[in-house]
Amino acid sequence: MRRHTYFISDLHLGATYLKNPKDYERRVVKWLRSIKDDAKAIYLMGDILDYWFEYRSVVPRGYTRFLGTLAQLVDEGVEVYWFIGNHDIWIFDYLPEEIGVKVIDGYQVKEIDGKRFFLSHGDGLGELKPGFKLIRAVFRNKLCQKMFSAIHPRWTVPLAHRWSSHSRNFSEELPVFEGKEKDPFIAFAQGYISKDDAVDYFVLAHRHIMLDYDLGNDRTRLIVLGDWIHHFSYAVFDGEKLSLLNAEV
């Protein structure tokens, strides 16, 4: 019986800094197959792919095992939601039409088994640094996307992977929680529930930290999903409780 809802983020599949991308992809696929019989819904909370840009008639190579497994899950009745992150911004119509995933850009507030969830990748929440805000605006601009699509993939794909590799050193630095006074997600969530306290769970990603935090109103918890670069982490909701766990694969 399908009764669990799963949340996972920041896989960064296809990243050039991964030591063995295909083995890494197989590990993700193994986990997906391990939950296929009891998952009623899977929420991919952004940065699932390290880079993705769809041209009109060409899509990036790679991700074959992963995308095939998602297609199989959808065909078997599992609802799959894909929240756009800052690395997989340029998802257009291929994944929804070919695989059947539901793509969400931004945040969503929805009820799952009687609990109210605030769901977002998280890169657009709170006060953004000016440089990141500018880059985010450029990447999401329709004219800039059209101009980018005019450049041959032999140039754009290596450029995108070099950009990603230099943005963060995943192999050496383990992201850590710096404390509630400095945490922008905690500040955002507390500000949100001060106006709407009906939310039970905030499920966010982007930061590559694992965090299960009580927001102090005897009801609401903030879950930051971690990643699969360091943590192999995910969250699962059984209809009563949301748990943040590490995959054993």
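Only heavy atoms go into these numbers, but all of them, side chains included; no hydrogens, no water, no symmetry mates.
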**Study point:** Salt-bridge present (R219, D200; N to O < 4.0 Å)
**Key:**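 Between D200 and R219 there is a salt bridge, with a charged N closer than 4.0 Å to a carboxylate O.
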Would you find a donor on one side and an acceptor on the other, under 3.5 Å apart, between the side chain of [X] and the backbone of [Y]?
X: S233; Y: L245; value: no
X: D47; Y: H87; value: yes
X: Y24; Y: H12; value: no

Practice item. Check whether the ring centres of F232 and W31 lie less than 6.0 Å apart, and answer yes or no. Key: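 No, the ring of F232 stays outside the 6.0 Å limit from the ring of W31, centre to centre.
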Check your understanding: Aromatic ring centroids of F237 and F117 under 6.0 Å?
Key -> yes
Check your understanding: Does any non-hydrogen side-chain atom of H121 lie less than 4.5 Å from one of I84?
Key ->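 They are not in contact (no side-chain heavy atoms under 4.5 Å apart), so the answer is no.
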Check your understanding: Is there side-chain contact between I35 and Y234, with at least one heavy-atom pair below 4.5 Å?
Key ->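 Not touching, per the 4.5 Å side-chain cut-off.
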Practice item. Would you please classify the geometry between the F83 ring and the Y43 ring as parallel, tilted or perpendicular, with 30° and 60° separating the classes? Key: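 Y43 and F83: tilted rings.
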Practice item. Among K40, R3, R2, find the one that has a salt bridge (charged side-chain N to carboxylate O under 4.0 Å, His left out) with D113. Key: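 It is K40, the one option of K40, R3, R2 that forms the salt bridge (charged side-chain N to carboxylate O under 4.0 Å, His left out) with D113.
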Check your understanding: With respect to L215, which candidate in D197, V199, L222 satisfies the side chain to side chain contact (heavy atoms under 4.5 Å, CB included) definition?
Key ->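 Answer to the side chain to side chain contact (heavy atoms under 4.5 Å, CB included) test with L215 among D197, V199, L222: L222.
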**Study point:** Partner set under salt bridge (charged side-chain N to carboxylate O under 4.0 Å, His left out) for D196, not counting sequence neighbours
**Key:**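 Salt bridge (charged side-chain N to carboxylate O under 4.0 Å, His left out) check on D196 returns R116.
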Exercise for review: Verify side chain to side chain contact (heavy atoms under 4.5 Å, CB included) between Y213 and V224, making sure each step is shown before the conclusion.
Suggested key: CA-CA 9 Å; Y213 185 81; V224 186; over 6 Å; no
**Study point:** Which residues share a ring-ring contact (aromatic ring centres under 6.0 Å, His included) with F202, sequence neighbours left out
**Key:** F118, Y192
**Study point:** Residue pair D10 / H208, side-chain donor-acceptor N/O under 3.5 Å
**Key:**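 Result is yes, a qualifying pair exists.
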Check your understanding: Does K102 make a cation-pi contact with Y81, if we ask for NZ or CZ under 6.0 Å from the ring centre and within 45° of the axis?
Key -> yes
